[in-house]
Participant: 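Supplied in structure tokens, the structure appears directly below.
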Amino acid sequence: MLEKLQYMFTHHAVLSEELMWVFFGIAVVVLLALDLFCFNRKNEIPSFAHTLWVCVAYIGAGLLFGIFVWYEKGGNAAMDYYTGFLIEKSLSMDNIFVMSIIFTSVGVPRIYQHRVLFWGILGAVVMRALMISVGAAIISEFHWVLYIFSVFLIYTGAKMMMHRNDKKDNDEESIKNSKIYKFVEQYLPVTHEIDGAHFVTKKNGKKYITPLLFALIIIELMDVVFAIDSIPAIFGITQDVFIVYTSNIFAILGLRALYFLLEAAVNRFVYLKSALAIVLIFIGVKILLPIFGIHLESWHSLLVTFGLLGGSIFLSLAKEKKNA
């Protein structure tokens, strides 16, 4: 059986790059359609069981796409894909906590949060495409930019290590005092009154942005900030744009379900941020190693990433159990 699978993976007609992009596009459209019309058709707070199954479905879709990458581009490409998928999924843990605070700060009821998150993820899909395209174009023209990414990743990882227990940037007052919050409130007509599931409402003949759209704009702008960390990290793994973009998008597609699943539990993973910091430093160092004649294989990156992130979650839960 194993020999048959190996033969199938090595002796087949490889799809062109264009057809692989088409296949990926179809998969994303189908998942978004399922999310919009099947998983969350009504404005209601999803149950834990429902959210869990949706989250498992999205993670399963991401893992299955990795098998497709393996089939079409080989084992090394698949390992790079899974490494990028893991890194982006883990970095989204921080996004979840910040999203929760944004919703609280702006005053979006839980019943409408899934609606905001859907459009936020759709916007992130487009925004990541633009940022990755620009990044790939710059790297292809100026390869030394990778070394800037390397220094940035090492710096970001070191900063995360030093401030891993610092909560002051994650409270409601910090969001309200942020430049993004103040910019939106100053330059756009904002009302803090909820008008059902509407993003825009009309008062005295004038249109105003409701808290739903206010939160959506802030989340989109914050996603750009988070992408500044995650995109260089994946470019540090591979410069294959298909791998970089697909791993990024499959990781964030299930972010809405992951949000409702982990919103209350995300702080339980006390060691995750430290592990992420070490992963970013590792990738930054990995970019520089070829200068000294050292080349790491794709499976090295996957093993280190999976070991650190998985180990941090296990240790976090063990610590919580011990404290309890």
Side-chain angles (χ1 to χ4, degrees), residues 46-67 69-70 75 78-101 153-154 156-167 169-170 226 229-230 233-234 236-237 247-248 250-286 296-324:
S47 67
F48 178 83
H50 171 81
T51 304
L52 177 62
W53 282 112
V54 173
C55 195
V56 168
Y58 271 113
I59 292 174
L63 296 177
L64 283 174
F65 193 82
I67 295 174
V69 172
W70 196 318
M79 289 182 189
D80 289 339
Y81 167 87
Y82 283 127
T83 304
F85 181 80
L86 268 175
I87 292 171
E88 182 61 39
K89 208 71 173 174
S90 302
L91 284 170
S92 67
M93 297 290 186
D94 264 359
N95 301 32
I96 287 170
F97 191 76
V98 172
M99 286 176 189
S100 179
I101 295 170
L153 290 171
I154 294 171
T156 302
K159 189 176 178 182
M160 284 175 70
M161 285 290 290
M162 290 187 290
H163 299 283
R164 63 186 182 277
N165 295 320
D166 188 359
K167 302 287 186 182
D169 291 330
N170 291 333
F226 283 119
D229 285 342
S230 63
I234 301 177
I237 299 296
S247 63
N248 216 275
F250 268 103
I252 66 173
L253 275 177
L255 188 57
R256 178 162 73 160
L258 195 64
Y259 169 82
F260 286 105
L261 189 67
L262 296 180
E263 179 195 8
V266 69
N267 284 327
R268 294 167 60 184
F269 305 129
V270 293
Y271 296 120
L272 181 62
K273 199 163 189 177
S274 297
L276 270 171
I278 298 172
V279 168
L280 293 180
I281 292 171
F282 166 75
I283 295 170
V285 172
K286 176 179 176 286
L296 296 181
E297 299 294 334
S298 297
W299 67 268
H300 292 142
S301 300
L302 180 60
L303 185 64
V304 169
T305 303
F306 183 79
L308 285 169
L309 298 178
S312 70
I313 293 173
F314 175 79
L315 290 174
S316 298
L317 296 177
K319 180 181 179 180
E320 183 187 48
K321 185 177 180 180
K322 183 180 178 181
N323 291 340

Participant: Could you walk me through whether Leu255 and Met99 pass side chain to side chain contact (heavy atoms under 4.5 Å, CB included), step by step?
Facilitator: CA-CA 11 Å; Leu255 188 57; Met99 286 176 189; 3.4 Å; yes
Participant: Could you work out, with side-chain hydrogen bond (donor to acceptor under 3.5 Å, both in side chains) as the rule, every residue matching Ser316, not counting sequence neighbours?
Facilitator: none
Participant: If I compare all heavy atoms of Ala78 with all of Gly66, which pair ends up nearest, and what's the gap?
Facilitator: CB-O, 3.8 Å
Participant: Decide side chain to side chain contact (heavy atoms under 4.5 Å, CB included) for Ile67 and Tyr82; before the verdict, give the C-alpha distance in whole Å, the side-chain angles of both, and the deciding distance to 0.1 Å.
Facilitator: CA-CA 10 Å; Ile67 295 174; Tyr82 283 127; 3.7 Å; yes
Participant: Taking all non-hydrogen atoms of both residues into account, name the closest pair between Ala251 and Glu88 and its distance.
Facilitator: CB-CG, 3.4 Å
Participant: How far apart are the closest heavy atoms of Lys286 and Gly236, and which atoms are they?
Facilitator: NZ-O, 3.5 Å
Participant: Would you compute the distance between atom CZ of Phe250 and atom CG of Leu253 and round it to the nearest 0.5 angstrom?
Facilitator: 6.5 Å
Participant: With rounding to the nearest 0.5 Å, note down the distance linking CG in Leu308 to CG in Leu272.
Facilitator: 10.5 Å
Participant: Tell me whether Tyr81 contacts the main-chain N or O of Gly62 through its side chain, where contact means a donor paired with an acceptor under 3.5 Å.
Facilitator: yes
Participant: Side-chain contact test, heavy atoms from C-beta onward, threshold under 4.5 Å: evaluate it for Lys89 versus Ile59 and give yes or no.
Facilitator: yes
Participant: Could you give me the CA-CA distance, side-chain angles and deciding distance for Ile278 and Met161, then say whether side chain to side chain contact (heavy atoms under 4.5 Å, CB included) is met?
Facilitator: CA-CA 8 Å; Ile278 298 172; Met161 285 290 290; 4.3 Å; yes
Participant: Which of these, Ile154, Ile237, Thr83, sits in a side chain to side chain contact (heavy atoms under 4.5 Å, CB included) with Ile283?
Facilitator: Ile237
Participant: Strictly distance-based, threshold 3.5 Å: is any side-chain N or O of Ser312 a donor or acceptor partner for the main-chain N or O of Leu309?
Facilitator: yes
Participant: List the residues meeting side-chain contact (heavy atoms from CB on, under 4.5 Å) with Leu317, not counting sequence neighbours, and say none if there are none.
Facilitator: Arg268, Phe269, Ile313, Glu320
Participant: Using every non-hydrogen atom in the two residues, find where Cys55 and Leu258 come nearest and quote the distance to one decimal.
Facilitator: SG-CD1, 3.6 Å
Participant: Give me the atom names and distance for the closest heavy-atom approach of Ala233 to Leu280.
Facilitator: CB-CD2, 3.8 Å
Participant: Between Phe282 and Ser301, is the side chain to side chain contact (heavy atoms under 4.5 Å, CB included) condition met? List the steps.
Facilitator: CA-CA 9 Å; Phe282 166 75; Ser301 300; 4.1 Å; yes
Participant: In Å, rounded to the nearest 0.5 Å, how long is the span from CD1 of Ile87 to CD1 of Ile234?
Facilitator: 6.5 Å
Participant: Once rounded to the nearest 0.5 Å, what's the spacing between atom CG of Leu86 and atom CG of Leu91?
Facilitator: 11.0 Å
Participant: Does any part of the side chain of Ser100, heavy atoms only, come nearer than 4.5 Å to the side chain of Tyr259, both counted from C-beta?
Facilitator: yes
Participant: Give, for atom NE2 of His300 and atom CG of Leu303, the distance between the pair rounded to the nearest 0.5 Å.
Facilitator: 8.0 Å
